[in-house]
Amino acid sequence: ARSFRWRGDLQKAELWVDTALQLAEATSNRAVVSRAVVVAAEVMLARGAVSDAEQALSQAMQDFERVGDRMGFWLALARWSWTLRLQGRYSDALSQLYQRLPEASQSQDPTAYIELLLATAWIELDLSRLGRAQECTDELAATVHRGEHLHLRLEAQLLNGRILLSSGQYRAAAWILQEVHRSAQRAELRVLAEQARALWAE
């Protein structure tokens with residue numbers, strides 16, 4: 001489902017989400033169900049159903065906390081913060097993100113920490129706090145390693161290009177965004193490729 005969402009094929013993503021939810025419900029394991037709900041919420045968000053996605057992710061976060069699944073909670077939080085960002089509720093999102101970042105940074109699997117950093121940086125960028133956004137990208141550069149988490153690495157580079165664009169460093173921004181566009185196209189990450197192309201055009 002995630003793969004098709006990154007390719008921009010929401011119809012197929014929804015088919016896989018429905019299958020995942022059915023199989024998850026059959027396990028009666030709330031953590032498994034909540035992980036399927038998180039992916040379902042990502043597709044809702046892509047469809048523009050921001051309020052529905054927020055509610056689904058909020059419930060998933062509660063369920064993850066109840067069963068003690070910290071990784072699941074952090075990943076759901078990263079996506080939940082995106083729903084708040086789209087509604088302009090920056091303070092609510094940042095208060096939760098900054099509260100959870102230190103704990104997530106200690107996890108052996110850096111995926112959730114990377115996603116929380118990305119979510120934080122994009123909000124700081126929306127608020128034109130370039131210094132804070134840059135601090136997040138510096139931490140991302142130290143955490144995301146070549147060959148791992150390709151879509152997260154490219155999103156971190158996209159974010160860096162956006163910061164350079166906002167600070168008037170147009171040539172450097174154009175070079176980075178062009179590279180992100182090419183790499184995302186090669187990997188068939190079409191949504192990310194088009195985001196990079198839009199910023200490159202800007």
Side-chain angles (χ1 to χ4, degrees), residues 1-87 89 93 96-97 104 107 109-119 122-123 144 147-159 180-199:
R2 280 207 172 109
S3 175
F4 280 114
R5 181 178 64 84
W6 276 106
R7 292 176 193 171
D9 191 338
L10 295 183
Q11 195 170 12
K12 286 185 180 175
E14 284 166 340
L15 289 173
W16 283 105
V17 161
D18 289 343
T19 302
L21 285 169
Q22 289 172 21
L23 292 170
E25 291 285 357
T27 69
S28 301
N29 183 322
R30 287 314 303 169
V32 173
V33 172
S34 295
R35 284 180 183 261
V37 167
V38 168
V39 184
E42 292 173 5
V43 178
M44 289 178 205
L45 198 54
R47 286 285 192 201
V50 179
S51 180
D52 290 343
E54 180 196 344
Q55 290 177 19
L57 289 164
S58 179
Q59 183 61 54
M61 286 162 63
Q62 292 176 37
D63 290 340
F64 282 132
E65 275 209 304
R66 198 173 296 119
V67 299
D69 186 341
R70 292 189 303 168
M71 178 66 73
F73 178 88
W74 295 329
L75 292 171
L77 171 59
R79 287 149 182 78
W80 176 78
S81 71
W82 276 93
T83 68
L84 267 59
R85 178 190 173 209
L86 292 172
Q87 298 173 68
R89 294 161 58 191
Q96 282 289 326
L97 289 167
S107 174
D109 182 350
T111 306
Y113 182 52
I114 291 166
E115 295 213 21
L116 291 174
L117 279 171
L118 283 167
W122 281 112
I123 293 174
V144 182
E148 297 181 322
H149 309 290
L150 177 61
H151 70 288
L152 295 178
R153 183 157 48 87
L154 290 176
E155 189 179 341
Q157 291 174 324
L158 181 77
L159 174 65
V180 173
H181 177 255
R182 286 175 179 166
S183 298
Q185 271 199 320
R186 280 198 300 268
E188 294 188 22
L189 298 170
R190 296 189 189 102
V191 174
L192 198 53
E194 293 309 315
Q195 289 173 336
R197 179 154 64 170
L199 287 174

Value rounded to 0.5 Å, distance of CG in Leu57 from CG in Asp52: 11.0 Å
Flag, side chain of Gln87 to backbone of Thr83, donor-acceptor distance under 3.5 Å: yes
Which atom of Ser81 lies closest to which atom of Ala119, heavy atoms considered: OG-CB, 3.3 Å
4.5 Å side-chain heavy-atom contact, Arg7 and Leu189: no
Close side-chain approach of Val50 and Leu45, heavy atoms under 4.5 Å: yes
Gln96 side, atom CD; Leu116 side, atom CG - distance, nearest 0.5 Å: 10.5 Å
Separation of His181 NE2 from Leu154 CG (nearest 0.5 Å): 12.0 Å
Expected output: side-chain Thr27 to main-chain Ala24 donor-acceptor under 3.5 Å: yes
Flag side-chain contact, heavy atom, 4.5 Å: Ser58 against Trp80: yes
Flag side-chain contact, heavy atom, 4.5 Å: Ile114 against Leu118: yes
Atom pair CE/OG of Met44 and Ser51 - distance to nearest 0.5 Å: 10.5 Å
Residue pair Val180 / Gln157: nearest heavy atoms and the distance that separates them: CG2-CB, 3.5 Å
For Leu84 against Ala93, the heavy-atom pair lying closest together: CD2-N, 3.7 Å
Partners passing side chain to side chain contact (heavy atoms under 4.5 Å, CB included) against Glu65 (at least two apart in sequence or in another chain): Phe73, Arg100
Distance in Å, Trp6 CH2 paired with His151 NE2, rounded so as to fall on 0.5 Å steps: 5.5 Å
Closest approach of Leu10 to Ala46 (non-hydrogen atoms, all atoms of both residues): CD2-CB, 3.7 Å
Side chain Arg79, main chain Leu75, donor-acceptor under 3.5 Å: yes
Shortest non-hydrogen contact from Ala41 toward Ala56: CB-CB, 4.2 Å
From CA spacing to verdict: side chain to side chain donor-acceptor pair (under 3.5 Å), Gln195, Glu155: CA-CA 10 Å; Gln195 289 173 336; Glu155 189 179 341; over 6 Å; no
Parallel, tilted or perpendicular: rings of Phe4 and Trp16 (30°, 60°): parallel
Reported CG-to-CG distance for the pair Leu159 and Leu152, which is rounded to 0.5 angstrom: 12.0 Å
Carboxylate-amine/guanidinium proximity below 4.0 Å for Asp69 and Arg35: yes
Heavy-atom check, side chain of Arg2 versus side chain of Val38, under 4.5 Å: yes
Worked check of side chain to side chain donor-acceptor pair (under 3.5 Å) between Gln59 and Asp63: CA-CA 6 Å; Gln59 183 61 54; Asp63 290 340; 3.2 Å; yes
Distance-only donor-acceptor check, side chains Asp109 and Ser107, under 3.5 Å: no
Closest heavy-atom pair and its distance - Val191, Arg5: CG2-O, 3.5 Å
Salt bridge Glu42-Arg47, side-chain N to carboxylate O under 4.0 Å: no
Heavy-atom side-chain contact between Arg30 and Val32 under 4.5 Å: no
Student check: side-chain heavy atoms of Trp74 and Glu115 closer than 4.5 Å: no
